[in-house]
Amino acid sequence: MPELPEVETTRRGLHPHLIGRVISDAKIYSGFERLCLNTDVKELTDRLIGQRIEGTDRYGKYLIFWLSSGDSLIVHLRMTGALVLRNISSLGGKYERARLTLESSPNCPFEIVSFDDVRRFGTWNVVNHVRDGLARDIGPDALASDFTADSLISVLRQKTCTIKSALLDQSTLAGLGNIYVDEICFLAGIDPRKRSNTISRKKSEQLFTAIRDTLNKALDQGGSSFSDYVNAHGMPGGALDHCNVYGRAGMECYRCGQTIKKIKIVGRGTHYCPKCQHR
DNA sequence: CATCATGTTACACG
DNA sequence: GCGTGTAACATGAT
């Protein structure tokens, strides 16, 4: 479930505790080697151990850790992954798949970064160039300054698929997932089945504003608390308590009172208000 | 027991 | 090439 706000919330929680720390050990537990995208686990751990973490970053739903060697560790949480800070003495959770151990620091109570992942879809990758660790055709980050209303308009014009599908596609823009796409379409007043290339300039501008507003608001609330999501301190977020349509099928629209509907688009559960959102 | 679920990729088909 | 549907990945919740 982690979408851009959850990934960014994780990054912000980790950042102050990781900066300048040296990785003394890295482990991927037996049976979970698949999370490692490097050619083998030993190569990945060898490239992590002994490195200082110089910075953190995020691109779409990818977390990026800059290492003193010049390499970067790139983590994708996929459906149920979480990076959680722990004390050296605390026991790993039931779903811990990997961990980093950090050299102890007088100012920081955490020596462990656990990678917990119930469904085991998450990935780790150590690469020399960040681009090599991202999907090849990834679009601009949804909150970055190079993503503008104009760039959204031009990319939406080129697609004939539904707007729901276009916004979920990480090559259109990076960071949105199923929950926030439904919320964004509601805010912009657009039926999620509407064809991307039939959206007017004015509506696209509203869509752009809705994307920024939805993501920033979710960030203010510490990400959504759907399913297993927890931040770097193991705490859930609260953004789902404020959804207009997601998870509200059969309930009244807060704006107009109509019953929120749930349909399937490109195989994904899609929630919308038939009165507030137009084709 | 059957169905559904946040993300992503691969593949078949029209 | 494009869009869509489906399966797959692994697991828990209902």
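Proteins come first, then strands; the chains are lettered A, B, ... in the order of their sequence lines, and each starts at number 1.
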Asks: Would you say whether A:Phe121 stacks on C:dC9? The test is a distance between ring centres of less than 5.5 Å and an angle between planes of less than 30°.
Replies: yes
Asks: Using the test ring-ring contact (aromatic ring centres under 6.0 Å, His included), find all partners of A:Tyr272 that sit at least two apart in sequence or belong to another chain.
Replies: none
Asks: For the side chain of A:Ser165, counting heavy atoms from C-beta on, which of C:dT11, C:dT4, C:dG3 is nearest?
Replies: C:dT4
Asks: Provide, to the nearest angstrom, the distance between the CG atom belonging to A:Leu168 and the C1' atom belonging to C:dG3.
Replies: 14 Å
Asks: Does the distance from a Lys or Arg side-chain N to an Asp or Glu carboxylate O, for A:Asp117 and A:Arg78, drop under 4.0 Å?
Replies: no
Asks: Give the nucleotide from the list C:dT4, C:dG12, B:dG7 with an atom nearest to the side chain of A:Thr162.
Replies: C:dT4
Asks: Does A:Arg21 qualify as a cation-pi partner of A:Phe110, given the criterion of NZ or CZ under 6.0 Å from the six-membered ring centre and within 45 degrees of its axis?
Replies: no
Asks: Given B:dA5, B:dG7, C:dT11, which nucleotide is nearest the side-chain atoms of A:Lys61?
Replies: B:dG7
Asks: Which nucleotide in the list C:dC9, B:dG7, B:dT9 gets nearest to the side chain of A:Arg34?
Replies: C:dC9
Asks: Pairs counted only when both distances fall under 3.5 Å, Watson-Crick or G-U: show me the 5' to 3' dot-bracket for DNA chain B, [ ] for pseudoknotted crossings and | for other-strand partners.
Replies: .||||.||||||||
Asks: For a quick test of reading the model: is some side-chain N or O of A:Lys164 closer than 4.0 Å to OP1 or OP2 of C:dT4?
Replies: no
Asks: Using the P atom as the reference point in each nucleotide, state the distance between B:dT8 and C:dG12 in Å, no decimals.
Replies: 22 Å
Asks: For A:Ile265 and C:dT6, what is the distance between atoms CD1 and C1' respectively, to the nearest whole Å?
Replies: 17 Å
Asks: Between A:Arg97 and A:Gln158, name the one whose nearest nucleotide on DNA chain C is closer to the 5' end.
Replies: A:Gln158
Asks: Looking at B:dG7, C:dG12, C:dT4, which one has an atom nearest to any side-chain atom of A:Arg195?
Replies: C:dT4
Asks: Let me spell it out: for each of A:Asp137 and A:Arg119, pick the nucleotide of DNA chain B with the closest heavy atom. Which residue's pick is nearer the 5' end?
Replies: A:Arg119
Asks: Taking only the side-chain heavy atoms of A:Lys264 (C-beta and beyond), determine which of B:dA5, C:dC2, C:dG12 contains the nearest atom.
Replies: B:dA5
Asks: Are any of A:His76's side-chain N or O atoms less than 4.0 Å away from OP1 or OP2 of B:dG7?
Replies: no
Asks: Measure from CG on A:Asp182 to P on B:dG7 and round the result to the nearest Å.
Replies: 10 Å
Asks: Is a side-chain donor-acceptor pair under 3.5 Å present for A:Thr80 with A:Arg119?
Replies: no
Asks: Looking at C:dC2, I'd like to know if its phosphate oxygens (OP1 or OP2) sit under 4.0 Å from a side-chain N or O belonging to A:Thr160.
Replies: no
Asks: Can you tell me if NZ on A:Lys194 sees more than 12 non-hydrogen neighbours from other groups inside 6.0 Å?
Replies: yes
Asks: Which whole-number value in Å describes the distance from A:Lys94 NZ to C:dG12 C1'?
Replies: 9 Å
Asks: When you look at CD of A:Glu252, are more than 12 heavy atoms from neighbouring residues, nucleotides or ligands closer to it than 6.0 Å?
Replies: no
Asks: Atom CG of A:Leu37 to atom C1' of B:dG7: distance rounded to whole Å?
Replies: 14 Å
Asks: Rounded to the nearest angstrom, tell me the gap between atom CZ in A:Arg120 and atom C1' in C:dC9.
Replies: 10 Å
Asks: A:Leu173 CG to B:dG7 P: how many Å, rounded?
Replies: 13 Å
Asks: Is the ring centre of A:Phe147 less than 6.0 Å from the ring centre of A:Phe208?
Replies: yes
Asks: Whole-Å distance between B:dA5 C1' and A:Asn178 CG?
Replies: 10 Å
Asks: Taking only the side-chain nitrogens and oxygens of A:Tyr95, find out if one of them lies under 4.0 Å from OP1 or OP2 of C:dG12.
Replies: yes
Asks: Any donor-acceptor pair under 3.5 Å linking the side-chain atoms of A:Asp169 with those of A:Ser171?
Replies: yes
Asks: Which part of the nucleic acid, if any, lies within contact of A:Gly267, taking any heavy atom under 4.0 Å across all strands shown: a base, the sugar-phosphate backbone alone, or nothing?
Replies: nothing
Asks: Less than 4.0 Å between a side-chain N and a carboxylate O, is that true for A:Lys164 and A:Asp182?
Replies: yes
Asks: For B:dG7 and A:Gln170 - does any side-chain N or O of the residue sit under 4.0 Å from the phosphate oxygens OP1/OP2?
Replies: no
Asks: To the side chain of A:Arg268, which of B:dG7, C:dT4, B:dT9 is closest?
Replies: B:dG7
